[in-house]
Each structure stands twice: as C-alpha cells, then as structure tokens.
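What you are looking at is a predicted structure, and each value in this text was computed from that prediction instead of being measured. For the single chain, residues carry numbers from 1 onward in sequence order. Values reported hereafter were calculated over all heavy atoms of this structure, with side chains retained and with hydrogens, waters and symmetry mates removed.
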Amino acid sequence: MSDWPSHGGRPEQVLHRLGLAPDVQVVDFSANLNPLGPPPWLAERLADSLTELSVYPDPDYTAARQAIAGHEGLTPGQVRLTNGGAEAIFLAAALLARRGVRRAVVVQPTFCEYERACHHYGIAVQHLGLEEESFELDESRALDAMGEADAVFLCRPNNPTGTLIERGLIERMLSAGLRRGTTLVVDEAFIDFVVPNERLTPLLARYDNLLLLRSMTKLYAIPGLRLGYLLGGESTVRHIAELQLPWSVNSVAAALVGALLEDQNYLHRTQSWLDAERPWFQRELEALGLRVVPSRTNFLLLQDGAARPMSALLEHLARCGILARHTHNFIGLDGAWLRVAVRTRQENEQLNEAIARWRTS
C-alpha cells in the first residue's frame, strides 16, 4: 500500500513524505476548495446555531431535506442528507450490496472512495479506463460495461481530470442499464462549479436506476462541517434511509443547509470568478511547457511536456511553500501527473513563478 496520503488537504503528511518539516507553511493547491472562502455570513450563523447543540437533531433532517428538494425540483422523499459526500458514497455501496450486487465498474482514474466503499461491502470492482490522451469515456466500452456489471460508479465532472462526460452518453448508459438491470451512481461533488448548468437531476424522473451524490464541502469551503446529500427515486432513498446510521449529521451543520442553498449571489460570484480565472491559469501553465487537461471545474491536471518527472516538480513546489496534489493513488496516473486547484490570482501567480524557476533549474 502506498504511503502517500489518499486525499488532498493533508500538507503535513506530504511534507513528511518529502522529508520536509511538517509544520512548514504552504499554500495548499492539493484541496479543491473554493478560495473565496465560506460565505461571509456563515461565522455569525454558526455562532447563532450553537443553541442547537443542546437538542438532538431531527433524525430525518426534515427542514434540510425540504430545502434541498426545493433547490433541486424534487420531493423531500428523493433526498437523503449525509455526512459529506463520503457517507453518500458508502450508503450507495451499502444499498447495492443489499440488492445483491456482486460486481461494480469504476471509471478510472478517479476518487479512491468508490472502490473502497465497494470493497467494504464485499462488491468486486472492475476498472474502466478513460481514454489516455483525451480522458474521455469511450461510448462502446461504457455501454459494454453496463452489461458486464450490476453497477457503475463515475464522477462528473471527474476528479482528478476535470473532464465532463456528456449528458447524452449518460442517458444512453442509463437506458442500457434499465434493460440490463444496472445502476449508475454519479458523483456530482463538483457540479456547482460547472457553467452552464450540467446537473443530472432532471433524469431522475425517467431513470430509477440513477443515483446522484452531492457534496456541499467544495463550493462553500466547509470541509470540517461534513455536509452532502444523495438523490434518487423515493423507493431507493427510503431503502438508503434504513441503512444510514442515526444522527449521522450534526444539528449545527444540518441547520445551515437552507441558508447555504439560498445564497445564490455567492454561487454566481464563485462561478464568475472561476470562469475568468481558470482559462487564464491554464494558458499560463501551458506557456510554461506543461500539458494541461481542459477542465470544466475548479482544478487542473497537468504533466510536463518535456517528460521531466512530476515527482521532482512536486518536491520543488513544496520547497517553495506550495503543495500540489500527487497522483500516486489515482489508477492510471501513477504519479506521472499533478493536480492543482484554481486559487486566487496572487496564489496562482506564485505557483507559475515557482514552476518557471523549476524550468530553469
């Protein structure tokens, strides 16, 4: 097993792995969080919600589910609040195992928790690789996969590539899945960053073999609060509720859901910032001789065009006070790429300057 951390946002572990002092201050490009920070009203709202600590949460999280349902155009019965996106992933795998699923396909390279959740519930995993150059999903292989397994997990937009499987292909996979009895689990953790809107929520009305997973961590920059949710047909969500541990989401976090979703100004400000910053950042990185995968979300996957090892760049950046995300535990990337979040202009310029120094070293 690799001794590299399996998630971003763990600078002390990466610095230790590189032989650097774990308390060195770094700009963290390894975690895909909104650099605008949490909404400005959140701190005051958190302080006001401390009274919730003396009361047990509503076990059904009725108010939060109603807020999500209204936001998504669904019924509350189609929504389950979860302790971050990770719990949603494990609940999806638990449901599949209860239904007798024994084999699932995971589209790779991608987030490691899909495979981990499947293994936890005794589901064998088969890998379906994206195309090497474009990181697109080949349609014939995808449709074949829908017939070879009982479930398919994919991330849209995908982590770590930032690529987005087109909606038409998703629909054709779902149609094939209805004929063959295959469930499609789609993680939309980064969908809020995609413009124009690419949410698959409307497909739930036509496909009962679709499960959607969401995270509120990335957009609102609140990983410590652990908020996410799962969307599906009412019968499916009811069965998932039976598998969920009681009170898995604390009352303080649950009380914030409605206000977060109502803050459309924050969402639009984030999307406008990213729409300007990401293309500029990509052009600057490409001008430095890096290959950058075109992304639809708030991070970029990059590789050296001159075939210099990315492990050397990872260490160089760390010594410059910048932490990128290694790819040692992304199947098919095997450390040959780096992933960097799109951060503020000043921080992105700092990264570009460090890479320029590496180029001349």
Side-chain angles (χ1 to χ4, degrees), residues 4-15 17-18 20 24-37 109-112 135 155 157-164 189-190 193-194 217-219 221 223 270 273-330 332-359 361:
W4 289 95
S6 55
H7 298 288
R10 302 304 304 272
E12 70 287 348
Q13 293 185 1
V14 176
L15 293 171
R17 179 66 174 74
L18 295 173
L20 302 174
V24 170
Q25 293 297 308
V26 295
V27 180
D28 192 357
F29 282 80
S30 74
N32 300 322
L33 300 174
N34 188 342
L36 302 185
T110 199
F111 189 46
C112 64
F135 290 107
C155 189
N158 187 45
N159 174 17
T161 62
T163 49
L164 188 85
F190 297 96
F193 295 101
V194 178
T217 293
K218 282 74 177 177
L219 173 64
T270 296
W273 156 78
L274 183 61
D275 190 51
E277 191 65 21
R278 185 184 60 221
W280 174 86
F281 195 23
Q282 178 174 340
R283 289 193 301 271
E284 292 293 307
L285 290 168
E286 289 173 336
L288 290 167
L290 296 171
R291 176 190 172 192
V292 183
V293 179
S295 171
R296 295 293 302 276
T297 188
N298 65 325
F299 53 83
L300 298 169
L301 186 67
L302 51 92
Q303 189 178 54
D304 182 41
R308 294 179 69 180
M310 297 309 279
S311 57
L313 178 55
L314 178 69
E315 181 172 350
H316 168 79
L317 291 174
R319 294 185 183 281
C320 294
I322 296 170
L323 187 67
R325 174 63 161 92
H326 72 88
T327 58
H328 290 286
N329 60 341
F330 285 109
L333 300 185
D334 306 317
W337 298 74
L338 292 181
R339 189 195 71 196
V340 294
V342 182
R343 295 193 57 85
T344 66
R345 176 60 61 92
Q346 181 180 357
E347 291 168 331
N348 295 336
E349 288 177 339
Q350 184 180 343
L351 174 68
N352 292 339
E353 291 166 4
I355 293 175
R357 291 196 297 272
W358 180 66
R359 274 273 178 243
S361 62

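With rounding to the nearest 0.5 Å, the separation of CZ in Arg339 from NE2 in His326 is 9.0 Å. Taken from CE in Met310 to NE2 in His328, the straight-line distance is 10.5 Å, to the nearest 0.5 Å. Note that CD1 of Ile322 is 5.5 Å distant from CG of Leu317, once rounded to the nearest 0.5 Å. With rounding to the nearest 0.5 angstrom, the CG atom of Asn34 is 8.5 Å from the CG atom of Leu274. In this structure, the separation between CZ on Phe299 and CZ on Arg343 is 14.5 Å, given to the nearest 0.5 Å. The CG atom of Leu314 sits 10.5 Å away from atom CH2 of Trp358, with the distance rounded to the nearest 0.5 Å.
Side-chain contact check for Glu286 and Gln282: at least one donor-acceptor pair (N or O, by modelled atom type) lies under 3.5 Å. Thr110 and Asn158 form a side-chain donor-acceptor contact under 3.5 Å, judged by distance and modelled atom types alone.
Scanning all heavy atoms of the two residues, the minimum distance from Pro294 to Thr163 falls at O-CG2, 4.0 Å. Shown here for Ala341 and Ala31, the closest heavy-atom pair between the two residues is CB-O, 3.5 Å. Summarising the geometry of Thr297 relative to Pro157, their closest heavy-atom pair is CB-CG, 3.9 Å, with the distance given to 0.1 Å.
At least one donor-acceptor pair closer than 3.5 Å links the side chain of Gln303 to the backbone N or O of Ala336. Counting only distance, with no hydrogens or angles, the side chain of Thr327 and the backbone of Gly335 share a donor-acceptor pair below 3.5 Å. Arg278 places no side-chain N or O within 3.5 Å of a backbone atom of Asn298 that could act as its donor or acceptor partner.
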Go through it in stages, so that I can follow the logic: the residues are Phe193 and Asn32, the test is side chain to side chain contact (heavy atoms under 4.5 Å, CB included), and I'd like the CA-CA distance, side-chain angles, deciding distance and then a yes or no. CA-CA 11 Å; Phe193 295 101; Asn32 300 322; over 6 Å; no

Working for side chain to side chain contact (heavy atoms under 4.5 Å, CB included), residues Val340 and Phe281: CA-CA 10 Å; Val340 294; Phe281 195 23; 4.1 Å; yes

Candidate pair Leu219 and Thr270, rule side chain to side chain contact (heavy atoms under 4.5 Å, CB included), full reasoning: CA-CA 8 Å; Leu219 173 64; Thr270 296; 3.9 Å; yes

What do the steps show when you test Leu290 against Asp304 for side chain to side chain contact (heavy atoms under 4.5 Å, CB included), and what is the final call? CA-CA 5 Å; Leu290 296 171; Asp304 182 41; 4.0 Å; yes

Full working for salt bridge (Lys or Arg N to Asp or Glu O under 4.0 Å) between Arg325 and Asp28: CA-CA 9 Å; Arg325 174 63 161 92; Asp28 192 357; over 6 Å; no

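Leu33 is listed as a side-chain neighbour of Thr217, based on a closest heavy-atom distance under 4.5 Å. Side-chain contact between Ser295 and Leu301: absent, with no pair of heavy atoms (C-beta onward) separated by less than 4.5 Å.
Considering Leu323, Leu300, Asn348 as possible partners of Phe29, the one that fulfils the side-chain contact (heavy atoms from CB on, under 4.5 Å) test is Asn348.
Checked against the 6.0 Å centroid criterion, the rings of Phe135 and Trp337 qualify as a close aromatic pair.
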